[in-house]
Each structure stands twice: as structure tokens, then as C-alpha cells.
Amino acid sequence: QVQLVESGGGLVQAGGSLRLSCAASGSIASRLRMAWFRQAPEKQRELVAGITSTGTTNTANSVKGRFTISRDNAKNTVYLQMNSLKPEDTAVYYCAADVLYSRVITTPTYWGQGTQVTVSS
């Protein structure tokens, strides 16, 4: 069993910053690769960033240079540092996890419940 607990969402003005956190728990938490997705109203779910077991990161073009994914393996936690936020970044952000990186960035087995990020003009 896996539980993903997200935190850090909220309302911020354009140009501001937020840091999202996602902590994994359960018997296989240490085996999980993690990623962040987002979904804006009436839009497709979008992969924001993923991080491999070796620390290589993959970031969507729409957020490159502004968002950074990182992890703390000792805490089974992944972070998403979001800088220079734009109104277009407004979405529900979801943490995802899977034992395989190839699955976590496509069809993850485990999902968090989502956290709302709203960027005002």
C-alpha cells in the first residue's frame, strides 16, 4: 500500500513562488519513483516534471527555467519548486508514484489527491 501526501499549494500573485511537497509512505515507499502532473480546467493532464532513480530530471517545456523537481530519498519526499509563476500555471497539481520511472511519467500506479495552485494576475 502507498499513501502520497501533498502540501504547499495555494494562491500566489504572478511572479511569485511556491514549493510543493509530496511525501510517500507505505512498505514500498523507498522503491518509488515520483513525478508531478497538473491539470487545468478543461485541459489535458500534463506531465510537469519527473526525476529518475539516479537524479536525472525531465521538465516540461512550458515550465523549463522556472520549475525544479528534487527529491530527498531519506524522507521519501519529492519537491516541486515553482518560481516566476504565471496565471497559465493555475491548475490542480498531482503527485504521482510508481516503481518504474517509465510508468510514473505515463501511467502512474499511485496518485496523490491533488493540491490547487492559483496564480493571480
Side-chain angles (χ1 to χ4, degrees):
Q1 75 285 354
V2 171
Q3 182 179 12
L4 303 178
V5 180
E6 299 155 315
S7 62
L11 175 65
V12 66
Q13 294 184 29
S17 298
L18 286 172
R19 189 177 76 157
L20 306 183
S21 299
C22 176
S25 62
S27 61
I28 64 168
S30 63
R31 297 170 54 195
L32 296 172
R33 282 62 172 148
M34 296 188 189
W36 289 97
F37 291 80
R38 68 184 182 184
Q39 188 166 25
E42 307 301 323
K43 295 184 68 176
Q44 290 280 112
R45 181 203 67 194
E46 176 187 25
L47 174 67
V48 177
I51 185 165
T52 71
S53 60
T54 58
T56 300
T57 59
N58 183 203
T59 307
N61 289 336
S62 59
V63 303
K64 280 183 178 176
R66 300 187 297 118
F67 291 11
T68 303
I69 187 171
S70 62
R71 68 184 185 190
D72 185 338
N73 289 337
K75 297 180 179 179
N76 294 321
T77 299
V78 65
Y79 305 94
L80 186 67
Q81 179 66 48
M82 305 185 293
N83 298 325
S84 301
L85 282 161
K86 304 174 180 179
E88 308 93 90
D89 297 317
T90 295
V92 177
Y93 284 71
Y94 296 93
C95 177
D98 205 291
V99 296
L100 294 178
Y101 184 73
S102 61
R103 289 210 297 263
V104 80
I105 62 172
T106 54
T107 55
T109 300
Y110 306 104
W111 292 89
Q113 66 179 1
T115 184
Q116 178 71 47
V117 172
T118 302
V119 184
S120 65
S121 301

Inter-residue atom distance [X].[atom1] - [Y].[atom2], 0.5 Å rounding:
X: R19; Y: S7; atom1: CZ; atom2: OG; result: 8.5 Å
X: Q81; Y: L18; atom1: CD; atom2: CG; result: 8.5 Å
X: Y93; Y: M82; atom1: OH; atom2: CE; result: 5.5 Å
X: N73; Y: I51; atom1: CG; atom2: CD1; result: 8.0 Å
X: R31; Y: L100; atom1: CZ; atom2: CG; result: 9.0 Å
X: L4; Y: Q113; atom1: CG; atom2: CD; result: 10.5 Å

Minimal non-hydrogen separation, [X] against [Y], with atom names:
X: V78; Y: C95; result: CG1-SG, 4.1 Å
X: N83; Y: S17; result: OD1-OG, 2.9 Å
X: Q116; Y: T90; result: NE2-CG2, 4.0 Å
X: S120; Y: Q13; result: OG-CA, 3.5 Å
X: A29; Y: A24; result: CB-O, 3.7 Å

Answer with yes or no whether the hydrophobic clustering places [X] together with [Y]; edges join I, L, V, M, F, W, Y residues whose side-chain heavy atoms lie under 4.5 Å apart.
X: V92; Y: V104; answer: yes
X: V48; Y: I105; answer: no
X: I69; Y: M34; answer: yes
X: L47; Y: Y94; answer: yes

What do the steps show when you test V63 against R38 for side chain to side chain contact (heavy atoms under 4.5 Å, CB included), and what is the final call? CA-CA 11 Å; V63 303; R38 68 184 182 184; 3.8 Å; yes
Is it the case that D98 and T109 place a side-chain donor and acceptor less than 3.5 Å from each other?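 T109 and D98 do have a side-chain donor-acceptor pair below 3.5 Å.
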Less than 3.5 Å apart, any donor N or O on the side chain of T52 or T54 sitting next to an acceptor on the other?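 Judged by distance alone, the side chains do pair up.
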Backbone N/O of G26 and side chain of Q1: donor-acceptor pair under 3.5 Å: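 Pair absent, no side-chain N/O of Q1 close to backbone of G26.
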Within residues 27-71 or reaching into it, pairs that qualify as ring pair (Phe, Tyr, Trp, His ring centres under 6.0 Å) - sequence neighbours excluded: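 Every ring pair (Phe, Tyr, Trp, His ring centres under 6.0 Å) pair that includes a residue of residues 27-71, provided the two are not neighbours, is F37-W111.
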Enclosure of R103 CZ (heavy-atom neighbours >12, cutoff 6.0 Å):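 Yes - once you tally the heavy atoms of other residues, nucleotides and ligands closer than 6.0 Å, there are more than 12.
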Is there a side-chain contact between V99 and L32 in this structure, where contact means two heavy atoms from C-beta onward sitting under 4.5 Å apart?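 The answer is yes; the side chains approach within 4.5 Å.
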Taking the six-membered ring of Y101 as reference, does the cationic atom of R33 (NZ for Lys, CZ for Arg) lie under 6.0 Å from its centre and within 45° of its axis?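 No, R33 and Y101 do not form such a contact.
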